[in-house]
Amino acid sequence: MPISLLLRSLRVVLLLVGWLLAGAAQAQPEPIKFGQVDAQDLTAAPFAADSVAAVVLCDFGRSRLKGKSSGLQVVFERVTRIKILTKAGFDEATVEIPLYHRGDNQERITNLRGFTYNLVNGTVEKTKLEASGAFFEKRTANVNVQKFTLPNVRAGAVIEFAYTLSSDFLFNFQDWTFQRDIPVRWSEYRVSIPSFYRYKIIYQSSRDFTVNKAHIGSTNLLLDHKVSGGGMLDGQVTGSITISAPTEEHQWALKDVPALVPEPYMTTTQDYVARLDFELAGEQWPDEPYHDLTGNWAQIDERLLADEHFGGRFGRASLLKEQLRDVATRFPIITERAAAVREAVLAAVRYDGTDRYSAPDPLRKAFDAHRGTSADVNLLLIAALRDAGVPAHPLLLSTRDHGHVSQEFPLLERFNYVVALVPLAGGKDLLVDATEPLLPCGVLPERCLNQAGRLIMKNPAEGRWVDLSPTQRHVRYQQIALTMDAQGGMTGKVHEERGGYAGTDARQELASLGEKKYLANLTQQHEGWTVPAIKLGQVEALDKPLLLDYELAQPAATGSGAPFTTLYLSPLSDFGARQNPFRRPNRTFAVDFGVAQEEIVMLTLTLPAGYELAEVPKPALITLPNDRGRFVYSVSATAPGVVQLTSRLSLRDTVYPPDAYASLRELYRLLMARQSEKLIIRKKAG
């Protein structure tokens, strides 16, 4: 850090101490004072309209830099107050604060305090957070967690807590999240950044700030300083030095922020909440050139490949070298050889459910235990592929539950997974993962389908972003043949195919439940029907659809045994979509399926002799803007006494932006309406 350069000449002053922008506001009052609760917040009246578990009354934080020894640290202070409305909100009283540490540097909590306020017989009862209510937990090798639980929490209580977090990591300037899974009435964040540090400030939300102010301020930083003695002074003299510098002062606030409730087809909620992220971009000290701290992918590639925990794991002979001795001879085609190597890795090490891109422990440990993280498995895979003569390179990605990655900033912490990329002829890529035995080679697990990954190469010019959109789709095809009798009873056969990711999902459920329970669950989905026979096919053929064939029967509709005259029937209702996944009227973030969708139902209904379809419903063709998806529906009398129904949903894109949500929701509404549409079956006149 250039502080030593600054101190070397013993310059004590950095000029520009009091400059403010024209019209800059004076210091704003804080929106919350710890220990001063509004009595009105303890009554139920202001919250009568809130049908939620809890409400954040105010969340206020601020960050600044302060001198520490001969360097700097980030100081973050927070005060939070929450109203507990129901028992379901009690979880808000337990707080976790992650603390990063590495080497001699760490993050620590001081001045932790909290209270719970209850209104008892018109009197405010105040309960203090005691030291016994807080404890420290080691989460990972570099992350500890400070946890505490506010005491005496009841429905109607108000809880508040405050703390100071000091961090030795300037790159880890505290981010701020304005939005939660409960409503937030006021959330405010203030920062003070000395001019010699530059942070890229990224705001994630479609909401406009209620308050957004910035001005130039100033700060004084007290640092330790050692001066080498000379003449009468021998050794070193320790003293302190004050550095004055201009600062960027920011104030942001949002009012009445709605809860972000998890919805279908989304990645982690952190990808969608209203939040501010700070990325250290560079530093510039007086009389020094600007120093870019963001780095670039060429530097990251070099560092990763030289890292024993990453490149060192696949940069030497594979532990499977003996098992793969003649694999090149037996499988001269690269794709087939890669599949054979993958099978050897699957047999050697089982994925334990932990996602990482690097392996702190030698791969031998996971190999001997036959169990390891995704990094253990896939770094072993890369080494084995290379030993087998298959060109394989590491591809970093972030799983869906870990969040999106920014292609603008080369930040390793945004990644948590690695797979192998094998280049093929014609500029194609084969992406190979060895964590899921029920997937065919070249198909990534659904958790990895998170838009893009970064290829790490020895030659930086060859590094690039790789599209993770799969060629496989989520396909479900049903062919149904039903025969109706004059009493309205039906018998029939169903042939179902689940292909692509639908087949993988089904096979995973089958492996988890066992065949007997899996088939029992399927039959229970057809309420009011009996299923006398059912069987599975192509279970082991992972590159083919899983097949399901079954017979079914439904008793007479009349119940009396007499022939019916008119019958209203919705034959697709037992085989189509159960409900619209998009129930909310609006959505402010993308619909991320991860994989293209295809749902096809073809149903043939044979009517009893002497009956007909009274009216043929009109066909439907609903298309999304830019032909990004469509729903096709038709009913036809293909022959006397035979009715053919077809329903086909095709969603071609893996991600639909928020402005496409209304169209997507309407598409599903119309699909549900048509699949539940009543057919009128009547006895022919005469």
Side-chain angles (χ1 to χ4, degrees), residues 28-63 76-97 109 111-120 122-129 133-134 147-165 174-191 205 207-213 251-261 269 273-276:
Q28 299 293 311
E30 297 178 355
I32 184 173
K33 292 290 185 183
F34 183 80
Q36 298 180 15
V37 175
D38 189 336
Q40 187 180 18
D41 289 338
L42 291 167
T43 67
F47 307 95
D50 289 300
S51 57
V52 292
V55 176
V56 176
L57 302 177
C58 187
D59 194 11
F60 174 56
R62 55 180 162 194
S63 291
F76 169 69
E77 299 168 294
R78 184 175 209 150
V79 181
T80 304
R81 185 175 296 157
I82 301 173
K83 172 74 173 183
I84 306 298
L85 298 177
T86 68
K87 188 176 181 179
F90 286 8
D91 288 346
E92 299 298 327
T94 297
V95 182
E96 295 190 2
I97 308 169
I109 295 291
N111 199 24
L112 173 62
R113 55 209 190 277
F115 287 105
T116 300
Y117 304 88
N118 287 288
L119 194 61
V120 181
T123 302
V124 177
E125 181 182 277
K126 184 176 178 181
T127 309
K128 182 182 179 181
L129 171 65
K147 298 178 69 173
F148 59 89
T149 300
L150 278 303
N152 197 24
V153 176
R154 312 169 192 169
V158 170
I159 60 173
E160 70 171 352
F161 57 87
Y163 62 86
T164 300
L165 188 156
Q174 286 291 317
D175 302 326
W176 185 260
T177 299
F178 295 91
Q179 195 169 21
R180 300 190 183 195
D181 57 356
I182 57 175
V184 178
R185 297 207 169 174
W186 187 268
S187 180
E188 181 176 330
Y189 192 38
R190 302 180 188 180
V191 302
S205 180
R207 300 175 63 88
D208 293 331
F209 283 114
T210 305
V211 176
N212 184 5
K213 296 180 179 179
Q251 178 187 9
W252 301 279
L254 283 178
K255 180 182 179 181
D256 295 332
V257 187
L260 181 69
V261 180
T269 54
V273 294
R275 57 181 292 170
L276 281 167

Between the side chain of Thr177 and the main-chain N/O of Gln179, is any donor-acceptor distance below 3.5 Å?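 Pair absent, no side-chain N/O of Thr177 close to backbone of Gln179.
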
Do you know which two heavy atoms are closest between [X] and [Y], and how far apart they sit?
| X | Y | value |
| --- | --- | --- |
| Pro151 | Thr127 | CG-CG2, 3.6 Å |
| Pro258 | Arg207 | CD-NH1, 3.3 Å |
| Asp41 | Val158 | O-CG2, 3.6 Å |
| Ala54 | Pro183 | O-CD, 3.5 Å |
| Thr86 | Ala155 | CA-CB, 4.2 Å |
| Ile84 | Ile159 | CD1-CD1, 4.2 Å |

Hey, are the side chains of [X] and [Y] touching, using non-hydrogen atoms and a 4.5 Å cut-off?
| X | Y | result |
| --- | --- | --- |
| Phe60 | Arg190 | yes |
| Ser63 | Tyr189 | yes |
| Arg78 | Phe76 | yes |
| Ile82 | Leu57 | no |
| Arg113 | Leu129 | no |
| Asn118 | Val124 | no |
| Tyr117 | Leu42 | yes |
| Glu188 | Val211 | no |

Worked check of side-chain hydrogen bond (donor to acceptor under 3.5 Å, both in side chains) between Glu77 and Asn111: CA-CA 9 Å; Glu77 299 168 294; Asn111 199 24; over 6 Å; no

Any salt bridge linking [X] with [Y]? Criterion: basic side-chain nitrogen under 4.0 Å from a carboxylate oxygen.
| X | Y | value |
| --- | --- | --- |
| Asp59 | Arg180 | yes |
| Glu30 | Arg62 | yes |
| Glu92 | Lys83 | no |

Residue pair Leu276, Asp175: steps toward the side chain to side chain contact (heavy atoms under 4.5 Å, CB included) verdict: CA-CA 6 Å; Leu276 281 167; Asp175 302 326; over 6 Å; no

Side chain to side chain contact (heavy atoms under 4.5 Å, CB included) between Asp181 and Val261, intermediate numbers included: CA-CA 6 Å; Asp181 57 356; Val261 180; over 6 Å; no

With under 30° as parallel and over 60° as perpendicular, where do the rings of Phe34 and Phe115 fit, or are they tilted in between?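 Taking Phe115 first and then Phe34, their aromatic rings sit tilted (interplane angle of 30° to 60°).
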
Mind checking whether Trp252 and Phe209 have parallel, tilted or perpendicular rings, split at 30° and 60°?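 It falls in the tilted class, 30° to 60°.
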
Can you tell me how far apart [atom1] ([X]) and [atom2] ([Y]) are? Round to the nearest 0.5 Å.
| X | Y | atom1 | atom2 | answer |
| --- | --- | --- | --- | --- |
| Leu112 | Thr164 | CG | OG1 | 9.5 Å |
| Ile182 | Asp91 | CD1 | CG | 10.5 Å |
| Arg275 | Thr269 | CZ | OG1 | 9.5 Å |

Do Asn152 and Arg154 pass the side chain to side chain contact (heavy atoms under 4.5 Å, CB included) test, and can you show the C-alpha distance, the side-chain angles, and the key distance before you say yes or no? CA-CA 6 Å; Asn152 197 24; Arg154 312 169 192 169; 3.3 Å; yes

Looking only at the side chains, is there a donor atom on one of Trp186 and Thr210 sitting less than 3.5 Å from an acceptor on the other?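 No, no side-chain donor-acceptor contact under 3.5 Å.
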
Should Val95 and Phe161 be marked as a side chain to side chain contact (heavy atoms under 4.5 Å, CB included) after you check the CA-CA gap, both sets of side-chain angles, and the distance that decides it? CA-CA 9 Å; Val95 182; Phe161 57 87; 3.7 Å; yes

Could you give me the CA-CA distance, side-chain angles and deciding distance for Glu160 and Lys33, then say whether salt bridge (Lys or Arg N to Asp or Glu O under 4.0 Å) is met? CA-CA 10 Å; Glu160 70 171 352; Lys33 292 290 185 183; over 6 Å; no

